2 protein chains.
Amino acid sequence: MTEPIARHLEARGIRYTRARRAVVEALEAVDGPKSVSELGDRLAVPQSSLYRSLAVLGDAGVVVAHHGPDGTTRFELAEWIRGHHHHLVCAGCGAVRDLALTAEEEERLQELVTEAAGRVDVEVEDHALEIVHRCEECR
Amino acid sequence: MTEPIARHLEARGIRYTRARRAVVEALEAVDGPKSVSELGDRLAVPQSSLYRSLAVLGDAGVVVAHHGPDGTTRFELAEWIRGHHHHLVCAGCGAVRDLALTAEEEERLQELVTEAAGRVDVEVEDHALEIVHRCEECR
DNA sequence: ATGAGAATGAGAATCATTCCTAGATTAGCA
DNA sequence: TGCTAATCTAGGAATGATTCTCATTCTCAT
């Protein structure tokens, strides 16, 4: 999985250094977007470096930022790496888990989005569905 | 429209002061969630007061915060005032516009959400759909 | 091995947001 | 209407997340 990322970065003249590799590997290992402090725990890397690595990887299109209802910024691998998916967000603690729709569900969602966007005459570039629930700890 | 809000606050023992009224009226006048600085322009009120009013109105369930893909916090009137709706977000500047689905579309979305959530065994508390596009200024 | 360019670490700077306090406003009541 | 107690506001200080800066270190092509 690290292979296409390495090529992607190389193609853009961006080095795939140890620090960046560590960030990508940490993000590969988890099941949803993680905040800088959550990542910091796993990585023992200075925050400034973490932020910088995330910014570089973000510009390169390898990671994307996600902002849940609690306002915290969390990062995850881009969809071309991890696949298109949606998010399950806890209303209490803000923790986020990935949720993939089935191909059939995704198609229905697409239709819905296209239909609604067409009504106001905009071209859809992307869509994101967030399902809010309450995780077990927050009940 | 201001009437039910006044009663809602009164019922909770929260005063509907001039400052809070101004915030609510500003939010009634616009077509999507607005950030504190966007509101500050319209209101000539110190930021600390704006934040405080928004916090009070937020606790009271009159306004809710929204966090778009650019990470900026934007505020809007709660759904019981403005009605359930979704958001159209510009990938360039982050500006957000409200977008209401038709009742029929909303129902299809509900179904989809319930179905997907059921698969991972969570109880849905709410859902949010975001359609990303590119506004005219950002083309 | 060497040099040029890029990346890193550590801390300072910035920005949004929250907190604090003294003074102003408000509602309820005489 | 005028008084009182409670609540609210303005303004600035404090906080916390994020970004910037710069001196040092690393990488890669020679």
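These figures come from a predicted structure and were not determined experimentally. In what follows, every chain begins at residue 1, and chains take the letters A, B, ... in the order their sequences are listed.
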Do any side-chain atoms of residues 31-44 of chain A form donor-acceptor pairs under 3.5 angstrom with protein atoms, and if so which ones, sequence neighbours left out?
{"unit_1": "A:Ser35", "atom_1": "OG", "unit_2": "A:Ser37", "atom_2": "OG", "d": "3.3"}
{"unit_1": "A:Ser35", "atom_1": "OG", "unit_2": "A:Glu38", "atom_2": "N", "d": "3.2"}
{"unit_1": "A:Ser35", "atom_1": "OG", "unit_2": "A:Glu38", "atom_2": "OE1", "d": "3.3"}
{"unit_1": "A:Glu38", "atom_1": "OE1", "unit_2": "A:Ser35", "atom_2": "N", "d": "2.7"}
{"unit_1": "A:Glu38", "atom_1": "OE1", "unit_2": "A:Arg74", "atom_2": "NH1", "d": "3.3"}
{"unit_1": "A:Glu38", "atom_1": "OE2", "unit_2": "A:Arg74", "atom_2": "NH1", "d": "3.1"}

For residues A:Val122 and B:Val89: do they belong to one hydrophobic cluster (side chain heavy atoms under 4.5 Å, members Ile, Leu, Val, Met, Phe, Trp, Tyr)? no
Pairing partner of D:dT15, by Watson-Crick or G-U wobble and under 3.5 Å for both distances, is C:dA16
Whole-Å distance, A:Asp59 CG to C:dA7 P, equals 12 Å
Between B:Glu105 and B:His86, is any side-chain donor less than 3.5 angstrom from a side-chain acceptor? no
From CG of B:Leu9 across to P of C:dA27 the rounded distance in Å is 13 Å
**Message:** Could you check whether B:Arg108 pairs with B:Glu104 (Lys NZ or Arg NE/NH1/NH2 to Asp/Glu carboxylate O, under 4.0 Å)?
**Reply:** yes
Q. With the threshold set at 4.0 Å, does a side-chain nitrogen-carboxylate oxygen contact exist between B:Arg7 and B:Glu3?
A. yes
Note: contacts of residues 10-25 of chain A with DNA chain C (heavy atom, under 4.0 Å) are A:Arg15, A:Thr17, A:Ala19, A:Arg20
All heavy atoms of B:Arg119 vs all of A:Leu101, minimum pair found to be NH2-CA, 4.3 Å
Quick one: does any side-chain atom of A:His67 pair with a main-chain N or O of A:Ala65 as donor and acceptor, under 3.5 Å? no
Across every strand shown, the nucleotide meeting Watson-Crick or G-U wobble geometry with D:dA29 (both distances under 3.5 Å) is C:dT2
Whether each nucleotide of nucleotides 15-22 of chain C has a protein heavy atom under 4.0 Å at its base (B), only at its sugar-phosphate (S) or at neither (-) is summarised, 5' to 3', as -SBBB---
Between CG of A:Leu54 and C1' of C:dT8 the distance, given in whole Å, is 15 Å
**Side-chain H-bond candidate by donor/acceptor type, A:His84 with A:Glu106, under 3.5 Å** = yes
